[in-house]
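This report concerns only the one structure given below.
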Amino acid sequence: MARQRQRGRESVVEQVDGGTAEIRPDPDRPRGYTLLVDGAPQSHVDLEDPAFLFFEYQRRLGHAVDLAAPPGRPLRAVHLGGGALTLARYIAATRPRSTQQVVEIDAPLTALVRRELPLQEGWRIRVRAGDAREGLGRLPDASADLVIADVFRVARTPAHLTSVEFLAEVRRVLGPDGVYAANLADGPPLRHVRAQVATALAVFPEACLMADPAVLRGKRFGNAVLVASGLPLPVAELTRRAATDPHPGRTLHGPELASFTGGASPVTDARAVESPPPPSGVFQ
(Lines give C-alpha, C1' and ligand atoms only; values in the text may rest on other atoms or scores of the structure.)
Protein backbone atom coordinates (compact mmCIF):
# COMPACT_ATOMS: atom_id res chain seq x y z
CA MET A 1 0.00 0.00 0.00
CA ALA A 2 1.30 3.45 -0.89
CA ARG A 3 0.15 6.80 0.45
CA GLN A 4 0.61 10.09 -1.38
CA ARG A 5 -0.21 13.43 0.20
CA GLN A 6 -2.52 15.76 -1.71
CA ARG A 7 -3.41 19.17 -0.27
CA GLY A 8 -3.08 17.97 3.31
CA ARG A 9 -4.83 14.62 2.76
CA GLU A 10 -3.39 11.33 1.64
CA SER A 11 -4.16 9.45 -1.54
CA VAL A 12 -4.08 5.69 -0.95
CA VAL A 13 -2.84 3.38 -3.72
CA GLU A 14 -3.16 -0.38 -3.40
CA GLN A 15 -3.17 -3.45 -5.64
CA VAL A 16 -6.52 -5.23 -5.83
CA ASP A 17 -7.75 -8.09 -7.98
CA GLY A 18 -8.95 -5.69 -10.69
CA GLY A 19 -5.70 -3.72 -10.95
CA THR A 20 -4.29 -0.68 -9.15
CA ALA A 21 -6.87 1.03 -6.97
CA GLU A 22 -6.47 4.60 -5.79
CA ILE A 23 -8.61 6.49 -3.29
CA ARG A 24 -7.93 10.11 -4.15
CA PRO A 25 -9.06 13.09 -2.01
CA ASP A 26 -11.48 15.49 -3.66
CA PRO A 27 -9.87 18.95 -3.47
CA ASP A 28 -13.30 20.61 -3.49
CA ARG A 29 -14.98 18.59 -0.73
CA PRO A 30 -13.29 18.22 2.68
CA ARG A 31 -14.45 14.60 3.11
CA GLY A 32 -14.91 13.67 -0.52
CA TYR A 33 -12.93 10.93 -2.26
CA THR A 34 -12.78 9.41 -5.73
CA LEU A 35 -12.05 5.73 -6.30
CA LEU A 36 -10.02 4.98 -9.42
CA VAL A 37 -8.96 1.57 -10.77
CA ASP A 38 -6.09 1.60 -13.25
CA GLY A 39 -6.61 5.33 -13.62
CA ALA A 40 -10.31 5.07 -14.53
CA PRO A 41 -12.72 6.86 -12.14
CA GLN A 42 -15.12 4.32 -10.63
CA SER A 43 -16.95 6.02 -7.78
CA HIS A 44 -17.09 9.17 -5.70
CA VAL A 45 -17.99 9.27 -2.01
CA ASP A 46 -18.54 12.13 0.42
CA LEU A 47 -18.28 10.70 3.93
CA GLU A 48 -19.88 13.81 5.40
CA ASP A 49 -22.75 13.89 2.91
CA PRO A 50 -23.48 10.39 1.53
CA ALA A 51 -26.53 11.78 -0.29
CA PHE A 52 -24.21 13.79 -2.56
CA LEU A 53 -23.74 12.12 -5.95
CA PHE A 54 -20.91 13.55 -8.04
CA PHE A 55 -20.84 11.57 -11.30
CA GLU A 56 -23.72 12.07 -13.71
CA TYR A 57 -24.42 8.37 -14.08
CA GLN A 58 -24.63 8.10 -10.28
CA ARG A 59 -27.08 11.00 -10.19
CA ARG A 60 -29.26 9.25 -12.76
CA LEU A 61 -29.14 6.01 -10.81
CA GLY A 62 -30.07 8.13 -7.80
CA HIS A 63 -33.15 9.40 -9.66
CA ALA A 64 -34.25 5.79 -10.14
CA VAL A 65 -33.70 5.13 -6.43
CA ASP A 66 -35.67 8.24 -5.44
CA LEU A 67 -38.65 7.22 -7.56
CA ALA A 68 -38.65 3.50 -6.80
CA ALA A 69 -40.94 4.09 -3.80
CA PRO A 70 -42.46 7.01 -1.86
CA PRO A 71 -39.83 9.28 -0.24
CA GLY A 72 -38.21 7.84 2.86
CA ARG A 73 -39.71 4.37 2.54
CA PRO A 74 -37.08 1.68 3.23
CA LEU A 75 -36.09 -0.47 0.26
CA ARG A 76 -34.82 -4.00 -0.12
CA ALA A 77 -31.96 -3.25 -2.48
CA VAL A 78 -29.49 -5.49 -4.29
CA HIS A 79 -26.32 -4.00 -5.76
CA LEU A 80 -24.45 -5.98 -8.41
CA GLY A 81 -21.01 -4.41 -8.25
CA GLY A 82 -19.91 -2.48 -5.21
CA GLY A 83 -17.05 -0.12 -6.01
CA ALA A 84 -16.95 2.47 -3.24
CA LEU A 85 -20.54 1.55 -2.23
CA THR A 86 -21.76 4.98 -3.30
CA LEU A 87 -25.36 4.04 -4.12
CA ALA A 88 -25.64 1.81 -1.06
CA ARG A 89 -24.56 4.78 1.09
CA TYR A 90 -27.04 7.00 -0.76
CA ILE A 91 -29.94 4.63 -0.06
CA ALA A 92 -28.92 4.24 3.60
CA ALA A 93 -28.84 8.04 4.00
CA THR A 94 -32.07 8.84 2.13
CA ARG A 95 -34.08 5.75 3.06
CA PRO A 96 -33.17 4.77 6.63
CA ARG A 97 -33.79 1.14 7.66
CA SER A 98 -33.31 -0.08 4.11
CA THR A 99 -31.79 -3.56 3.91
CA GLN A 100 -29.11 -3.88 1.25
CA GLN A 101 -27.01 -6.66 -0.22
CA VAL A 102 -23.96 -5.92 -2.33
CA VAL A 103 -22.23 -8.50 -4.51
CA GLU A 104 -18.67 -7.46 -5.41
CA ILE A 105 -16.21 -9.89 -6.98
CA ASP A 106 -13.10 -7.95 -5.92
CA ALA A 107 -12.73 -8.74 -2.21
CA PRO A 108 -9.45 -6.79 -1.77
CA LEU A 109 -11.15 -3.72 -3.26
CA THR A 110 -14.03 -4.05 -0.79
CA ALA A 111 -11.56 -4.38 2.08
CA LEU A 112 -9.74 -1.23 0.94
CA VAL A 113 -12.98 0.75 0.63
CA ARG A 114 -14.31 -0.37 4.00
CA ARG A 115 -11.01 0.47 5.68
CA GLU A 116 -10.43 3.88 4.10
CA LEU A 117 -14.07 4.94 3.51
CA PRO A 118 -15.94 3.27 6.38
CA LEU A 119 -19.69 2.82 6.42
CA GLN A 120 -21.70 4.51 9.13
CA GLU A 121 -22.69 2.42 12.12
CA GLY A 122 -26.25 1.17 11.91
CA TRP A 123 -26.47 1.01 8.13
CA ARG A 124 -27.93 -2.31 7.03
CA ILE A 125 -25.48 -3.02 4.22
CA ARG A 126 -24.08 -6.51 3.73
CA VAL A 127 -21.28 -7.01 1.21
CA ARG A 128 -20.62 -10.47 -0.20
CA ALA A 129 -17.61 -11.44 -2.29
CA GLY A 130 -18.48 -13.24 -5.50
CA ASP A 131 -19.68 -13.10 -9.07
CA ALA A 132 -22.71 -10.85 -9.58
CA ARG A 133 -24.81 -13.37 -11.49
CA GLU A 134 -24.00 -16.22 -9.13
CA GLY A 135 -24.89 -14.02 -6.16
CA LEU A 136 -28.14 -13.00 -7.82
CA GLY A 137 -29.00 -16.65 -8.43
CA ARG A 138 -28.84 -17.39 -4.71
CA LEU A 139 -31.48 -14.80 -3.81
CA PRO A 140 -35.12 -15.82 -3.25
CA ASP A 141 -37.93 -14.93 -5.64
CA ALA A 142 -39.49 -11.47 -5.15
CA SER A 143 -36.98 -10.61 -2.41
CA ALA A 144 -35.93 -7.16 -3.70
CA ASP A 145 -37.58 -3.84 -4.48
CA LEU A 146 -34.59 -2.59 -6.43
CA VAL A 147 -31.67 -4.18 -8.29
CA ILE A 148 -28.82 -1.91 -9.39
CA ALA A 149 -26.22 -3.27 -11.81
CA ASP A 150 -22.95 -1.35 -12.07
CA VAL A 151 -20.38 -3.99 -12.90
CA PHE A 152 -17.17 -3.26 -14.77
CA ARG A 153 -14.07 -5.40 -15.02
CA VAL A 154 -11.14 -3.56 -16.57
CA ALA A 155 -13.68 -0.89 -17.62
CA ARG A 156 -15.94 -3.43 -19.38
CA THR A 157 -19.18 -5.13 -18.30
CA PRO A 158 -18.74 -8.93 -18.37
CA ALA A 159 -20.66 -10.74 -21.11
CA HIS A 160 -22.72 -12.94 -18.78
CA LEU A 161 -24.31 -9.80 -17.28
CA THR A 162 -25.71 -8.59 -20.62
CA SER A 163 -28.17 -11.33 -21.61
CA VAL A 164 -31.88 -12.11 -21.53
CA GLU A 165 -31.13 -14.99 -19.17
CA PHE A 166 -29.39 -12.62 -16.76
CA LEU A 167 -32.28 -10.15 -16.83
CA ALA A 168 -34.76 -13.00 -16.32
CA GLU A 169 -32.93 -13.70 -13.05
CA VAL A 170 -33.14 -10.01 -12.15
CA ARG A 171 -36.88 -10.01 -12.76
CA ARG A 172 -37.29 -13.19 -10.72
CA VAL A 173 -35.60 -11.55 -7.72
CA LEU A 174 -37.65 -8.34 -8.01
CA GLY A 175 -41.11 -7.99 -6.55
CA PRO A 176 -44.04 -7.24 -8.90
CA ASP A 177 -43.42 -3.48 -8.68
CA GLY A 178 -39.64 -3.75 -8.43
CA VAL A 179 -37.22 -1.61 -10.41
CA TYR A 180 -34.03 -2.54 -12.25
CA ALA A 181 -31.41 0.15 -12.95
CA ALA A 182 -28.16 -0.43 -14.81
CA ASN A 183 -25.13 1.67 -15.65
CA LEU A 184 -24.07 1.05 -19.25
CA ALA A 185 -21.05 2.41 -21.09
CA ASP A 186 -20.71 2.65 -24.85
CA GLY A 187 -19.59 4.81 -27.74
CA PRO A 188 -20.32 5.13 -31.44
CA PRO A 189 -22.03 3.28 -33.08
CA LEU A 190 -23.76 2.33 -29.78
CA ARG A 191 -24.20 -1.35 -30.63
CA HIS A 192 -23.91 -2.37 -26.98
CA VAL A 193 -26.46 0.09 -25.57
CA ARG A 194 -28.93 -0.56 -28.39
CA ALA A 195 -28.69 -4.30 -27.78
CA GLN A 196 -29.05 -3.82 -24.01
CA VAL A 197 -32.24 -1.82 -24.51
CA ALA A 198 -33.61 -4.54 -26.80
CA THR A 199 -32.66 -7.14 -24.18
CA ALA A 200 -34.43 -5.25 -21.40
CA LEU A 201 -37.57 -4.82 -23.51
CA ALA A 202 -37.61 -8.58 -24.10
CA VAL A 203 -37.87 -9.18 -20.34
CA PHE A 204 -39.60 -6.09 -18.90
CA PRO A 205 -42.71 -4.41 -20.32
CA GLU A 206 -41.47 -0.97 -19.26
CA ALA A 207 -38.06 0.63 -19.79
CA CYS A 208 -36.42 3.99 -20.33
CA LEU A 209 -32.89 5.23 -20.99
CA MET A 210 -31.19 8.35 -19.59
CA ALA A 211 -27.95 9.75 -21.03
CA ASP A 212 -26.13 12.81 -22.26
CA PRO A 213 -27.61 13.81 -25.65
CA ALA A 214 -24.17 13.59 -27.26
CA VAL A 215 -23.85 9.98 -26.10
CA LEU A 216 -27.31 9.10 -27.44
CA ARG A 217 -26.40 10.67 -30.80
CA GLY A 218 -23.27 8.52 -30.96
CA LYS A 219 -20.95 11.52 -30.80
CA ARG A 220 -18.79 10.29 -27.92
CA PHE A 221 -18.17 7.47 -25.47
CA GLY A 222 -20.09 7.77 -22.19
CA ASN A 223 -22.56 6.33 -19.73
CA ALA A 224 -26.24 5.62 -20.11
CA VAL A 225 -28.59 4.53 -17.34
CA LEU A 226 -31.22 1.94 -18.22
CA VAL A 227 -34.28 1.66 -15.95
CA ALA A 228 -36.84 -1.14 -16.31
CA SER A 229 -39.83 -2.52 -14.41
CA GLY A 230 -42.85 -4.76 -14.67
CA LEU A 231 -45.09 -1.75 -14.02
CA PRO A 232 -45.24 1.72 -15.63
CA LEU A 233 -42.26 3.90 -14.76
CA PRO A 234 -42.49 7.54 -13.58
CA VAL A 235 -41.10 8.63 -16.94
CA ALA A 236 -42.22 12.26 -16.73
CA GLU A 237 -40.40 12.78 -13.43
CA LEU A 238 -37.31 10.86 -14.54
CA THR A 239 -37.25 13.03 -17.67
CA ARG A 240 -37.55 16.22 -15.63
CA ARG A 241 -34.83 15.24 -13.21
CA ALA A 242 -32.39 14.17 -15.90
CA ALA A 243 -33.04 17.37 -17.86
CA THR A 244 -32.33 19.56 -14.82
CA ASP A 245 -29.10 17.83 -13.76
CA PRO A 246 -25.92 19.98 -13.79
CA HIS A 247 -25.10 18.22 -17.06
CA PRO A 248 -28.59 17.83 -18.56
CA GLY A 249 -29.57 14.40 -19.81
CA ARG A 250 -32.18 13.18 -22.24
CA THR A 251 -34.65 10.39 -21.52
CA LEU A 252 -35.94 7.94 -24.14
CA HIS A 253 -39.13 5.93 -23.62
CA GLY A 254 -41.89 4.20 -25.56
CA PRO A 255 -41.75 4.39 -29.37
CA GLU A 256 -38.70 6.67 -29.22
CA LEU A 257 -36.82 4.06 -27.18
CA ALA A 258 -37.93 1.25 -29.47
CA SER A 259 -36.72 3.25 -32.46
CA PHE A 260 -33.39 3.87 -30.72
CA THR A 261 -32.64 0.12 -30.75
CA GLY A 262 -32.36 0.31 -34.55
CA GLY A 263 -33.67 -3.23 -34.88
CA ALA A 264 -31.08 -4.70 -32.51
CA SER A 265 -31.88 -8.22 -31.29
CA PRO A 266 -31.99 -9.19 -27.61
CA VAL A 267 -28.72 -10.67 -26.37
CA THR A 268 -28.67 -14.31 -25.26
CA ASP A 269 -26.03 -16.15 -23.28
CA ALA A 270 -24.98 -17.95 -26.45
CA ARG A 271 -23.93 -14.75 -28.21
CA ALA A 272 -23.21 -12.38 -25.33
CA VAL A 273 -20.02 -10.33 -25.43
CA GLU A 274 -18.55 -7.89 -22.93
CA SER A 275 -19.18 -4.18 -23.37
CA PRO A 276 -16.71 -2.24 -25.55
CA PRO A 277 -13.57 -0.77 -24.01
CA PRO A 278 -13.36 2.98 -23.57
CA PRO A 279 -11.22 4.80 -26.14
CA SER A 280 -7.58 5.32 -25.25
CA GLY A 281 -7.11 8.45 -23.18
CA VAL A 282 -10.80 8.94 -22.34
CA PHE A 283 -10.02 9.14 -18.61
CA GLN A 284 -6.99 11.40 -18.88
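Just so you know, residue 1 is the first one in the sequence shown, and it goes up from there.
A 4.5 Å side-chain heavy-atom check between Glu165 and Arg133 finds at least one atom pair inside the cut-off. Counting only heavy atoms from C-beta outward, the side chains of Glu22 and Ser11 approach each other to under 4.5 Å. For the pair His44 and Leu35, the minimum side-chain heavy-atom distance is 4.5 Å or more. In this structure, His79 and Ile91 have side chains that are in contact, with non-hydrogen atoms separated by less than 4.5 Å. His253 places a side-chain heavy atom less than 4.5 Å from the side chain of Glu206. Side-chain atoms of Thr34 and Ser43, non-hydrogen and from C-beta on, never get closer than 4.5 Å to each other. In this structure the side chain of Val267 never reaches within 4.5 angstrom of the side chain of Phe166, judged on heavy atoms. For the pair Leu136/Val103, no side-chain contact is recorded, criterion being any heavy-atom separation below 4.5 Å from C-beta on.
Formation of a donor-acceptor pair under 3.5 Å by the Gln100 side chain with backbone atoms of Ile125 is not found in this model. Of the possible donor and acceptor atoms, one in the side chain of Asp106 sits under 3.5 Å from a partner among the backbone N and O of Gly18. Put simply, the side chain of Arg76 never gets that close to the backbone of Leu174: no donor and acceptor are under 3.5 Å apart. Looking only at distances, no side-chain donor or acceptor of Arg97 sits under 3.5 Å from a matching main-chain atom of Trp123. A donor-acceptor pair under 3.5 Å is absent between the side-chain atoms of Ser259 and the main chain of Pro255, judged by distance alone. In terms of modelled atom types and a separation under 3.5 Å, the side chain of Gln196 and the main chain of Thr162 share a donor-acceptor contact. Here the side chain of Ser98 pairs a donor or acceptor atom with the backbone of Leu75 at under 3.5 angstrom. In this structure a side-chain-to-backbone donor-acceptor pair under 3.5 Å is missing from Asp150 to Gly81.
Closest approach of Gly83 and Leu109 over heavy atoms only: CA-CD2, 4.4 Å. Nearest approach of Val65 to Arg95, heavy atoms of both residues: O-NH2, 3.2 Å. Contact between Val203 and Arg171 at its shortest, heavy atoms only, is O-NH1, 2.8 Å. Nearest heavy-atom pair, Gly82 versus Val102, reported as atom, atom and distance to 0.1 Å: CA-CG1, 3.6 Å. Residues Ala200 and Leu226 share a closest heavy-atom pair of CB-CD2, 3.7 Å. Taking each heavy atom of Val78 and Ala144 in turn, the nearest pair found is CG2-CB, 3.9 Å.
Evaluated for a side chain to side chain contact (heavy atoms under 4.5 Å, CB included) with Gln101, the options Leu139, Leu80, Val127 yield exactly one hit, Leu139.
Connection of Leu67 to Leu146 is established within a shared hydrophobic cluster, with ILVMFWY side chains joined at heavy-atom distances below 4.5 Å, either directly or through further cluster members. Met210 and Leu252 are members of different hydrophobic clusters when ILVMFWY side chains are connected at heavy-atom separations under 4.5 Å. Cluster membership for Val170 and Val151, using ILVMFWY side-chain heavy atoms within less than 4.5 angstrom, is shared. Two different hydrophobic clusters hold Tyr57 and Phe152 under the rule that ILVMFWY side chains link at heavy-atom gaps under 4.5 Å. In terms of hydrophobic clustering, with Ile, Leu, Val, Met, Phe, Trp and Tyr side chains grouped at heavy-atom distances under 4.5 Å, Val179 and Leu87 are assigned to a common cluster.
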*Evaluate the side chain to side chain contact (heavy atoms under 4.5 Å, CB included) criterion for residues Arg89 and Leu47: first the C-alpha distance (whole Å), next the side-chain angles of each, then the deciding distance (0.1 Å), finally the verdict.*
CA-CA 9 Å; Arg89 298 170 197 266; Leu47 297 178; 3.8 Å; yes
_Worked check of side chain to side chain contact (heavy atoms under 4.5 Å, CB included) between Thr199 and Leu167_ = CA-CA 8 Å; Thr199 304; Leu167 286 186; 3.8 Å; yes
*Under the salt bridge (Lys or Arg N to Asp or Glu O under 4.0 Å) criterion, do Asp245 and Arg60 qualify, and how do the steps go?*
CA-CA 9 Å; Asp245 277 339; Arg60 289 167 189 149; 3.8 Å; yes
*Mind running side chain to side chain contact (heavy atoms under 4.5 Å, CB included) on Asp17 and Ile105 for me, showing each step along the way?*
CA-CA 9 Å; Asp17 288 346; Ile105 198 167; over 6 Å; no
*asked:* Walk me through whether Val173 and Asp141 qualify under side chain to side chain contact (heavy atoms under 4.5 Å, CB included).
replied: CA-CA 5 Å; Val173 168; Asp141 293 1; over 6 Å; no
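The ring pair (Phe, Tyr, Trp, His ring centres under 6.0 Å) test applied to His192 returns no partner, not counting sequence neighbours.
Remark: Arg194 is positioned above the aromatic ring of Phe260, its terminal NZ or CZ atom under 6.0 angstrom from the ring centre and at most 45 degrees off the axis. Geometrically, Arg9 engages Tyr33 in a cation-pi contact defined by less than 6.0 Å to the ring centre and at most 45° from the axis.
In summary, the side chains of Asp66 and Tyr90 do present a donor paired with an acceptor at a separation below 3.5 Å, with no hydrogens or angles considered. Neither side chain, His160 nor Asp269, offers a donor N or O lying under 3.5 Å from an acceptor on the other.
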Return a table of donor-acceptor pairs under 3.5 angstrom between the side chains of residues 272-279 and protein atoms on other chains or two or more places apart.
unit_1: Glu274; atom_1: OE2; unit_2: Arg156; atom_2: NH1; d: 3.2
unit_1: Ser275; atom_1: OG; unit_2: Thr157; atom_2: N; d: 2.7

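At most 12 non-hydrogen atoms from other residues, nucleotides or ligands lie less than 6.0 angstrom from CZ of Arg191. The number of heavy-atom neighbours closer than 6.0 Å to CZ of Arg271, taken from other residues, nucleotides and ligands shown, is above 12.
Of the inter-residue distances, the one linking Phe55 atom CZ with His247 atom NE2 reads 11.0 Å to the nearest 0.5 angstrom. Here the CZ-NE2 distance, from Arg240 to His63, works out to 8.5 Å after rounding to the nearest 0.5 Å. To the nearest 0.5 Å, atoms CD1 (Ile148) and CD (Gln58) are separated by 10.5 Å. Atom CD1 of Ile23 is separated from atom CD of Gln42 by 12.0 Å, given to the nearest 0.5 angstrom. Put simply, CG on Leu190 and CZ on Arg217 are 11.5 Å apart, with the number rounded to the nearest 0.5 Å. To the nearest 0.5 Å, the span separating CG on Leu61 from CG on Leu53 amounts to 8.5 Å.
Note on Asp212 versus Lys219: no salt bridge recorded, every NZ/NE/NH1/NH2 to OD/OE distance being 4.0 Å or above. One finds no salt bridge joining Arg138 and Glu169 here, because no Lys/Arg side-chain nitrogen approaches an Asp/Glu carboxylate oxygen to under 4.0 Å. With respect to the salt-bridge test (charged N to carboxylate O, under 4.0 angstrom), the residues Arg250 and Glu256 qualify.
Ring planes of Phe52 and Phe54: tilted class, angle from 30 to 60°. The aromatic rings of Tyr180 and Phe204 sit parallel, their planes meeting at an angle under 30°, below the 60° perpendicular limit.
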